[in-house]
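Each remark here refers to the structure printed beneath this line.
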Amino acid sequence: METSSLLPLAAVLVPVATTAVIVLTRRSTAVRDASLVIGALLTFGVVAATAPATLRGEVPTSSLGELLPGVEVTFAADGMGLIFAVLASFLWVLAGGYAIGYMRGDNAANQTRFYAFYSLCLSTAFAVAFAGDLLTFFIAYELLTITTYPLVTHKGDAKAIRAGRVYLGYLLTGGALVLLAMIIIYAQTGDLTFTAGGFVGDQLGSTLTIVVFALFALGFGTKAGLMPLHAWLPGAMVAPPPVSALLHAVAVVKGGVFAVGRAVGFVLGPGAIAAVDVQGFLAAVAGATILIASIIALRQDHLKRRLAYSTIAHLAYIVLGFSLLSEGAFEGSLLHILNHGVAKITLFFAAGAIHIAAHKDHVSELDGIGRRMPFTMAAFALASFSLAGLPPAGGFLSKFTLVSGALEAEAYVHAAIMVGSGLFTAGYLFPVVYRAFFRPAPDAPGGPAPSLPPTPEPEPTRAPEPALAVAGPADEAGEPAAPVDTAARAPATAPGEPAAPVDTAARAPATAPAHTAAPRHPTGPTEPADTADTADPQHDSTDPHQHDSTDPHHDHHGHDHHGHDDHGEASALMVVPLFTTGVLSILLGLADWTGLYELAGSVAAAVTGGGA
């Protein structure tokens, strides 16, 4: 039952207002950073205020008027949308604090631009969650792609720009296919309003139903990371870890699988799809994606790339559940959206914390790190147990429901794939935990000698940039530049010693006094720079091939060059969110204390019952 309410619209607009405040307060770092967290808390409050009505069976709806004849632009907090919105709003609160800790620890450039788009993309994610019709959904879906592009390309180097082009190329092409499907549906039915069980029915006929299903599978499958449409996703790992966490756990890829669920359950409907017997193709592609992505993940030494292929595999779980058309499988997919999101954001949070505190990005480097970073790696272990589907974690509950739904649909091969792929998940995540806690660190007495990653391919030599004024350049947002210590550009040397070569990574203000030489390994934290690049643009710690012992940001002697020592945890701004989500990944399996599991069952029953 629809009820008029401004709350769904407010959930979309609060992050937009937060973005404006972030830009306006860019000259005050403390106010700007606080605005990000306060905006996240307000948005979570709005979504939480919407939940009671939805749990009672009502659908709070904000209508903005007709955009097409017979089609209103609406935001409606139905059961499926609320599950996605609760996940996004809660994780955004934690991700906001984590992002601040990471960007400060990394001395990242252009922080205001980063936070502004970080907030803006969450607005589009809520618009996707609460869209009440296919037209509104499509607009929000495309805006989600556009607002996340600046985050993917945040580093601004050639590799990031190239990854951004691939990102846009794949996702906008997928969006064009969805647009074509929407045009066909509107031309044939004159309606685009989401309805549990589908509003299309048999109005398209067999041929057009198959065509529209194929367009949805290709268009939404691109953002969902189905193979072979997944190539954009591992490449997007050039983005900072807070963005990777956002892409993989909350916004983009979850928007893709959520879209598949909307198309199957609320546009075409299980009945219309089953009538033309076309769902088997999508199920086969999803099953193959689970296996192939899991095998590839086993071979990845770069931690973020291993997690990226893990994401591809687990997104395919969700798509597979939707494509089986049974009540249990649909419910399991909704539950896995929730449980995978919490577990996967924990893993990416941990990867970022390891990079900041220890400046290590490869699994082969993580021996003994659990003794240096116990909270981070304990959270990583808890999230790994959940993704592997071990009881009593939340991942066990959602995977158990998915397997039960597959058996209900008599899809025995797919049920076996789901069960077997849990072994793959354990195979690529548990070795990380084992290395962290049960292998001695390379610098420990009797520990193994440090292992060096493969020699990277040579990079083209960059011509030195011309010297600028001591004040440094102003950034594009008009923020004042942080002063540049000339000692950091050309480190002084002691009398009689040869001059040290200029390290281009040392352009951030040094912490040493002006009368002394800037040390090669600063030991104190530096102030975050919002306006000037503080790292060599050729350095990309997320690239598994760009990694060697001469990297100015990495060595094997226990130091990193962001002003941190690798013998402890990252800042509390990073550790608290990741440990919270790690514990939550287990707690979600103990009881339905949120009410969302019962809601998922109600949505699945309405969808499959309506399609009968």
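- Here the side chains of Leu324 and Gln279 are not in contact, with every heavy-atom distance at 4.5 Å or above.
- Surrounding CZ of Phe400 are at most 12 heavy atoms belonging to other residues, nucleotides or ligands under 6.0 Å away.
- The CG atom of Leu180 sits 5.0 Å away from the CG atom of Leu215 when rounded to the nearest 0.5 Å.
- For Thr148, the side chain to side chain donor-acceptor pair (under 3.5 Å) criterion is met by Tyr167, not counting sequence neighbours.
- Residues Met373 and Phe375 form no side-chain contact, since every pair of their non-hydrogen atoms from C-beta on lies 4.5 Å or further apart.
- More than 12 heavy-atom neighbours from other residues, nucleotides or ligands sit within 6.0 angstrom of CZ on Phe430.
- Rounded to the nearest 0.5 Å, atoms CZ (Phe126) and SG (Cys121) are 9.5 Å apart.
- Annotation for Tyr597 and Gly394: closest pair OH-CA, 4.4 Å, computed over non-hydrogen atoms.
- When all heavy atoms of Val46 and Ala10 are compared, the closest pair comes out as CG1-CB, 4.0 Å.
- Heavy atoms of other residues, nucleotides or ligands lying less than 6.0 angstrom from CZ of Phe437 number more than 12.
- To the nearest 0.5 angstrom, Thr401 atom OG1 is 11.0 Å from Glu408 atom CD.
- A side-chain donor-acceptor contact under 3.5 Å links Trp232 to the backbone of Thr222.
- Each of Val59, Val603, Thr54, Leu87 was evaluated against Leu82; a single residue qualifies, Thr54, per the side chain to side chain contact (heavy atoms under 4.5 Å, CB included) test.
- In terms of modelled atom types and a separation under 3.5 Å, the side chain of Ser333 and the main chain of Ile318 share a donor-acceptor contact.
- Among residues two or more places apart in sequence or in another chain, the side chain to side chain donor-acceptor pair (under 3.5 Å) test is passed with His314 by His336, Thr425.
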query: Can you check ring-ring contact (aromatic ring centres under 6.0 Å, His included) on Phe349 and Phe380, steps first, answer last?
result: CA-CA 9 Å; Phe349 279 174; Phe380 190 101; over 10 Å; no

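- A donor-acceptor contact shorter than 3.5 Å links the side chain of Ser123 to the backbone of Val12.
- Applying side chain to side chain donor-acceptor pair (under 3.5 Å) to Thr311 and the options Lys254, Lys344, Arg306, His230 leaves one that passes, Lys344.
- Within the 4.5 Å cutoff, the side chain of Leu303 has no heavy atoms near those of the Asp361 side chain.
- Atom CZ of Phe322 and atom CZ of Arg262 lie 9.5 Å apart (nearest 0.5 Å).
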task: Go through Phe137 and Phe194 one step at a time and tell me if the side-chain contact (heavy atoms from CB on, under 4.5 Å) criterion holds.
output: CA-CA 10 Å; Phe137 185 93; Phe194 289 147; 3.8 Å; yes

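- A distance-only check finds no donor-acceptor pair linking the side chain of Thr74 to the backbone of Ala76 [under 3.5 Å].
- Residues satisfying the side-chain contact (heavy atoms from CB on, under 4.5 Å) test with Leu94, not counting sequence neighbours, are Phe90, Pro577, Thr580, Thr581.
- Thr43 places no side-chain N or O within 3.5 Å of a backbone atom of Ser89 that could act as its donor or acceptor partner.
- Thr289 is linked by a side chain to side chain donor-acceptor pair (under 3.5 Å) to nothing, counting only residues two or more places apart in sequence or in another chain.
- Of the N and O atoms on the side chains of His362 and Asp301, not one donor lies less than 3.5 Å from an acceptor on the other residue.
- The line from CD of Glu331 to OG of Ser404 is 9.5 Å long, rounded to the nearest 0.5 Å.
- Put simply, the side chain of Glu2 never gets that close to the backbone of Thr61: no donor and acceptor are under 3.5 Å apart.
- Closest approach of Gly321 and Leu402 over heavy atoms only: CA-CD2, 3.7 Å.
- The shortest distance between side-chain heavy atoms of Phe258 and Met80 falls below 4.5 Å.
- When atom types are taken as modelled, the side chain of Ser326 and the backbone of Gly405 share a donor-acceptor pair closer than 3.5 angstrom.
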field: Full working for side-chain contact (heavy atoms from CB on, under 4.5 Å) between Leu268 and Phe213
entry: CA-CA 8 Å; Leu268 293 174; Phe213 181 85; 4.0 Å; yes

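- Side-chain contact between Val267 and Phe216 is present, with heavy atoms from C-beta onward closer than 4.5 Å.
- At a threshold of 4.5 Å between non-hydrogen side-chain atoms, the residues Ile146 and Thr124 do not count as touching.
- The only option from Leu390, Leu429, Thr346 that meets the side chain to side chain contact (heavy atoms under 4.5 Å, CB included) definition with Ser384 turns out to be Leu429.
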- request: Would you check, one step at a time, whether the test side-chain contact (heavy atoms from CB on, under 4.5 Å) holds for Leu584 with Leu588?
  value: CA-CA 6 Å; Leu584 184 60; Leu588 284 173; 4.1 Å; yes

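- For Leu135, the side-chain contact (heavy atoms from CB on, under 4.5 Å) partners two or more places apart in sequence, or in a different chain, are Leu67, Leu68, Val71, Asp133, Ile139, Met182, Leu192.
- What you find for Glu327 and Gly601 is that their closest heavy atoms are OE2-O, 4.4 Å.
- To the nearest 0.5 angstrom, Ile273 atom CD1 is 9.0 Å from Thr209 atom OG1.
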query: What do the steps show when you test Val243 against Phe114 for side-chain contact (heavy atoms from CB on, under 4.5 Å), and what is the final call?
result: CA-CA 9 Å; Val243 178; Phe114 179 90; 3.3 Å; yes

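- Of all the heavy atoms in Ala293 and Ile312, the pair that sits closest is CB-CG2, 3.7 Å.
- Of all heavy-atom pairs between Ala406 and Ala329, the closest is N-CB, 4.4 Å.
- Under the 6.0 Å cut-off for aromatic ring centres, Phe199 and Phe266 do not qualify, their centroids lying 6.0 Å or more apart.
- In terms of modelled atom types and a separation under 3.5 Å, the side chain of Lys399 and the main chain of Ser386 share no donor-acceptor contact.
- The side chain to side chain contact (heavy atoms under 4.5 Å, CB included) with Leu226 is formed by just one residue from the set Leu218, Val319, Leu320; it is Val319.
- In this structure, Thr18 has no side chain to side chain donor-acceptor pair (under 3.5 Å) partners at least two apart in sequence or on a different chain.
- In this structure, Leu307 and Phe348 have side chains that are in contact, with non-hydrogen atoms separated by less than 4.5 Å.
- The side-chain heavy atoms of Leu366 and Val432, taken from C-beta on, include a pair separated by under 4.5 Å.
- Judged by distance alone, the side chain of Ser421 and the main-chain N or O of Phe424 form no donor-acceptor pair under 3.5 Å.
- Side chains of Tyr309 and Ser294: no donor on one and acceptor on the other come within 3.5 Å.
- Annotation: cation-pi pair Lys223/Tyr141 present, NZ/CZ under 6.0 Å from the ring centroid and within 45° of its normal.
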